[in-house]
> 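Questions regarding the structure given below will be posed in turn.
All chains are named by letter (A, B, ...) in the order of the sequence lines, taking the proteins before the strands, and each is independently numbered beginning at 1.
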Amino acid sequence: MNFNEKVWQVCRKIPKGKVSTYKEIAKRLKTKAYRAVGNALNKNPYSPIVPCHRVVKSDGTVGGFAKGTRTKIRMLEKEGVRVRKNRIMGFKNLMFKF
DNA sequence: GCTTTGACTCTCG
DNA sequence: TCGAGAGCCAAAG
């Protein structure tokens, strides 16, 4: 199993309505490849299966998304996550830690 | 193999 | 609050 697959595996565990950060994922993989994590999600081939849109930046902002940040935000709100100006509302409570 | 490029994070001013 | 700079890791060229 390569690095990318590990990242996707972890992402899959994020419960609906919650969000996690690139950092948390990296930590879960026992590495500091925050950027590589984002890179892996960017190439995520399991778009609907793996909820990569639930992964945001550590400061609570949405971050990027292959199909555009707007789309990412819409998906999150559809799951009950409030977002305003690229920022997760109540991020501290919604953040899912492993 | 070395260099470049990111859906990143931290620290400082 | 905000931007710049440095540090970080994997993948692609």
> Please report the closest heavy-atom contact between A/L76 and A/R54, naming both atoms and the distance.
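Closest heavy-atom pair between A/L76 and A/R54: CD2-CA, 4.0 Å.
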> What is the distance, rounded to the nearest whole Å, between atom OH of A/Y46 and atom C1' of B/dA7?
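Whole-Å distance recorded here is 19 Å.
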> For A/R87 and for A/N2, find the nucleotide of DNA chain C with the closest heavy atom, then tell me which residue's nucleotide is more 5'.
A/R87
> Taking only the side-chain heavy atoms of A/K23 (C-beta and beyond), determine which of B/dA7, C/dC9, B/dC10 contains the nearest atom.
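Nearest nucleotide to the side chain: B/dC10.
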> Tell me what A/A33 touches on the nucleic acid: a base, only sugar-phosphate, or nothing, going by heavy atoms under 4.0 Å.
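Touches sugar-phosphate only.
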> Could you tell me how far C/dG7 sits from B/dA7 if I compare only their P atoms? Round to whole Å.
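My reading of the P atoms in B/dA7 and C/dG7 gives 22 Å.
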> Could you walk me through whether A/E24 and A/K27 pass salt bridge (Lys or Arg N to Asp or Glu O under 4.0 Å), step by step?
CA-CA 5 Å; A/E24 284 301 317; A/K27 205 190 300 178; 3.3 Å; yes
> Measure from the side chain of A/F3, starting at C-beta and using heavy atoms only, and say which of C/dA11, C/dC9, B/dA7 lies closest.
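From the listed options, C/dA11 comes nearest.
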> Check the distance between C/dA10's P and A/Y34's OH and give it to me in whole angstrom.
12 Å
> How many Å lie between NZ on A/K32 and P on B/dG6, as a whole number?
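Between P of B/dG6 and NZ of A/K32: 25 Å.
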> Distance check needed: B/dT9 C1' versus A/N39 CG, whole Å only.
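Checked: the CG to C1' distance equals 16 Å.
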> If you only use heavy atoms from C-beta on, which nucleotide in B/dA7, B/dG6, C/dA11 is closest to the side chain of A/K43?
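The nucleotide sitting nearest to the side chain is C/dA11.
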> Please check if atom NZ in A/K18 has more than 12 non-hydrogen atoms from other residues, nucleotides or ligands closer than 6.0 Å.
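Yes, because the 6.0 Å sphere around NZ of A/K18 holds more than 12 heavy atoms from other groups.
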> Just the rounded figure in Å: distance from C1' of C/dC8 to CZ of A/R35.
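In whole Å, C/dC8 C1' lies 8 Å from A/R35 CZ.
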> Applying side chain to side chain contact (heavy atoms under 4.5 Å, CB included) between A/V37 and each of A/V7, A/N4, A/T21, report the one that passes.
A/V7
> What is the distance, to the nearest angstrom, from the NZ atom on A/K57 to the P atom on C/dC8?
19 Å
> Grab the CZ-C1' distance between A/R70 and B/dA7 for me, whole Å please.
17 Å
> Nearest to the A/F65 side chain among B/dA7, B/dG6, C/dC8, which nucleotide is it?
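My answer, after comparing the listed nucleotides, is B/dA7.
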> Can you tell which of C/dC8, B/dG6, B/dA7 lies closest to the side chain of A/Y22?
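So the nucleotide nearest the side chain must be B/dA7.
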> Around A/K13, counting heavy atoms of other residues, nucleotides and ligands shown, do more than 12 lie under 6.0 Å from its NZ?
yes
> Can a side chain N or O of A/S58 be found less than 4.0 Å away from OP1 or OP2 on B/dT9?
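Checking A/S58 against B/dT9: at least one side-chain N or O falls below 4.0 Å of OP1 or OP2.
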> Atom NZ of A/K85 and atom P of C/dC2: how far apart are they, to the nearest Å?
12 Å
